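Since the structure comes first, as structure tokens, the remarks are kept for the end.
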Amino acid sequence: MALLDGAGLRRIPPIQCLITFEALARLRNVTQTADELCVTPSAVSHRVKQLEQMLGTRLFGRSDFSLTTEGSNYLAQVREGLSALLRLPGAGAAPGRKRLKIAVTPTFARAILIPRLRQFTEAYPEIDLALHVSIPLLDVVAEDADLVVRYGPGHYADMEHVELARDTLTPLASPAFVREHGPFERPDSLEGLTLLRSPLEPWRTWFAAAGLDWAEPSEGSQFNDVGLMCDAAAAGMGVAPVRLKLAAPWLDQGTLVRLFDLAVPSPYAHYLCWHGGAMERWECAAFAQWLQAAMK
């Protein structure tokens with residue numbers, strides 16, 4: 001018995017409509033969807049409208065391209081179908097919800113990933129995320145993670161990787177600390193002050209750019225988490241060398257302020273890493289693609 005007759009085949013939406021729907025649900029932007037698919041924005045709108053007419057329901061609810069309940073349910077079916085088409089015959093299927101374990105550095109998670117993560121969970125409601133803390137520079141790793149965000153030099157022979165973002169570093173302190181110890185008119189105004197330390201944020205890079213022939217501080221409070229160091233600086237414990245993207249929550253709240261205009265490129269960057277074969281799983285590829293776009 002045939003699974004589909006001619007009438008049934010005619011009810012199947014065109015593949016380009018399904019691909020366009022998946023891309024627009026993920027990117028939530030007509031122009032970006034058009035760029036990804038190498039079509040015009042009007043073609044994107046036309047394909048989605050055609051799909052909605054064939055289904056007899058609205059897939060997107062508002063101008064920000066958030067999904068309706070029907071759209072969210074249909075998206076899961078479309079992705080499972082597209083994923084099945086990508087699998088080799090006989091490779092087997094794994095229908096249903098997907099679980100994705102991501103190891104991520106703690107301050108990157110709090111300052112950068114979490115504020116954006118709702119965009120991913122709304123675009124991919126069928127993927128359950130599990131976030132685990134990882135500090136590879138200090139050998140704190142989640143070995144069974146599907147994807148790993150590392151902060152370091154980028155030389156990872158054990159894993160494939162792609163650079164996510166670079167950042168610039170500058171000294172930060174609390175407004176109260178600045179009032180008590182300022183003004184900070186020149187870099188050498190830091191002489192004699194408490195300099196907070198972290199193996200993740202060396203002072204020497206900024207010292208060299210500022211023309212200071214100073215050694216890396218060997219005394220004072222030390223932190224193996226940048227977020228804790230920011231909290232300590234916000235509490236008035238001293239001056240912290242922090243990357244500006246990671247420090248954004250404290251800067252936006254006004255609990256930390258810049259002391260100087262000079263900000264220098266950090267010697268390290270954030271990388272998304274994975275073991276060979278991971279990107280053959282559509283949920284890994286989807287998260288990697290989303291994260292790279294979100295970091296731009």
Side-chain angles (χ1 to χ4, degrees), residues 102-117 119-120 131 133-141 147-156 159-174 178 184 187 190 195-212 214 216-217 221-234 238-274 287-296:
I102 303 168
V104 60
T105 53
T107 307
F108 179 91
R110 291 194 298 265
I112 296 178
L113 182 58
I114 295 298
R116 296 169 170 81
L117 202 55
Q119 300 170 9
F120 179 82
L131 299 184
V133 170
S134 175
I135 313 176
L137 281 180
L138 303 179
D139 294 325
V140 179
V141 297
L147 299 173
V148 179
V149 175
R150 285 184 171 181
Y151 176 66
H155 306 301
Y156 305 122
M159 303 183 82
E160 298 180 50
H161 57 276
V162 61
E163 183 177 303
L164 290 174
R166 290 195 170 270
D167 207 345
T168 54
L169 179 144
T170 195
L172 305 178
S174 70
V178 173
F184 294 93
L190 296 176
L195 302 182
L196 304 180
R197 301 180 296 141
S198 170
L200 305 172
E201 305 282 27
W203 273 101
R204 60 182 178 273
T205 303
W206 191 86
F207 285 165
L212 299 175
W214 294 0
E216 189 73 24
S221 300
Q222 186 171 12
F223 303 85
N224 66 3
D225 175 70
V226 176
L228 290 178
M229 185 169 65
C230 287
D231 287 338
V239 181
V242 190
R243 285 162 277 150
L244 290 173
K245 290 179 182 177
L246 288 191
W250 291 267
L251 292 169
D252 292 344
Q253 296 166 12
T255 55
L256 287 178
V257 296
R258 295 179 62 165
L259 303 189
F260 307 98
D261 291 334
L262 176 64
V264 301
S266 170
Y268 302 133
H270 280 102
Y271 295 86
L272 182 66
C273 308
W274 63 91
F287 186 86
Q289 184 180 38
W290 170 83
L291 185 58
Q292 290 179 78
M295 294 299 296
K296 292 181 179 178

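Along the sequence shown, residues are numbered consecutively beginning with 1. No experiment lies behind these values; they were computed from the predicted model shown.
Judged by distance alone, with hydrogens and angles left aside, the side-chain atoms of Ser198 form a donor-acceptor pair with the main-chain N or O of Phe223 at under 3.5 Å. With hydrogens and angles ignored, the 3.5 Å screen pairs no side-chain donor or acceptor of Glu163 with any backbone N or O of His270. With hydrogens and angles disregarded, a donor-acceptor distance shorter than 3.5 Å links the side chain of Lys245 to the backbone of Arg166. Under a 3.5 Å cut-off, the side chain of Trp290 and the backbone N or O of Gln119 do not form any donor-acceptor pair. No donor-acceptor pair closer than 3.5 Å links the side chain of Ser174 to the backbone N or O of Leu256.
Taking CG from Leu195 and OG from Ser221, the interatomic distance works out to 11.0 Å, rounded to the nearest 0.5 Å. Residue Leu246 holds its CG atom at 8.0 Å from CZ of Phe108, rounded to the nearest 0.5 Å. Distance check: Asp231 CG to Thr255 OG1 gives 8.0 Å after rounding to the nearest 0.5 Å. One finds the CD1 atom of Ile102 at 5.5 Å from the CG atom of Leu147 (value rounded to the nearest 0.5 Å). In this structure, CZ in Phe120 is found 9.5 Å from CG in Leu291, a value given to the nearest 0.5 Å. To the nearest 0.5 Å, the span separating CG on Leu131 from CG on Leu117 amounts to 6.0 Å.
Using a 30° and 60° split on the angle between ring planes, Phe207 and Trp214 fall in the perpendicular class, above 60°.
Thr107 and Tyr151 share no donor-acceptor pair across their side chains, judged by distance under 3.5 Å alone.
A cation-pi geometry, defined here as NZ or CZ lying under 6.0 Å from the six-membered ring centre and within 45° of its normal, holds between Arg150 and Tyr156.
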Criterion side chain to side chain contact (heavy atoms under 4.5 Å, CB included) on Asn224 and Met229, from CA distance to verdict: CA-CA 8 Å; Asn224 66 3; Met229 185 169 65; over 6 Å; no

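Residues Leu169 and Glu201 are in side-chain contact: their nearest non-hydrogen atoms beyond the backbone lie under 4.5 Å apart. Residues Tyr271 and Val162 form no side-chain contact, since every pair of their non-hydrogen atoms from C-beta on lies 4.5 Å or further apart.
Just one of Leu190, Val178, Leu196 meets the side-chain contact (heavy atoms from CB on, under 4.5 Å) condition when paired with Val239; it is Leu190.
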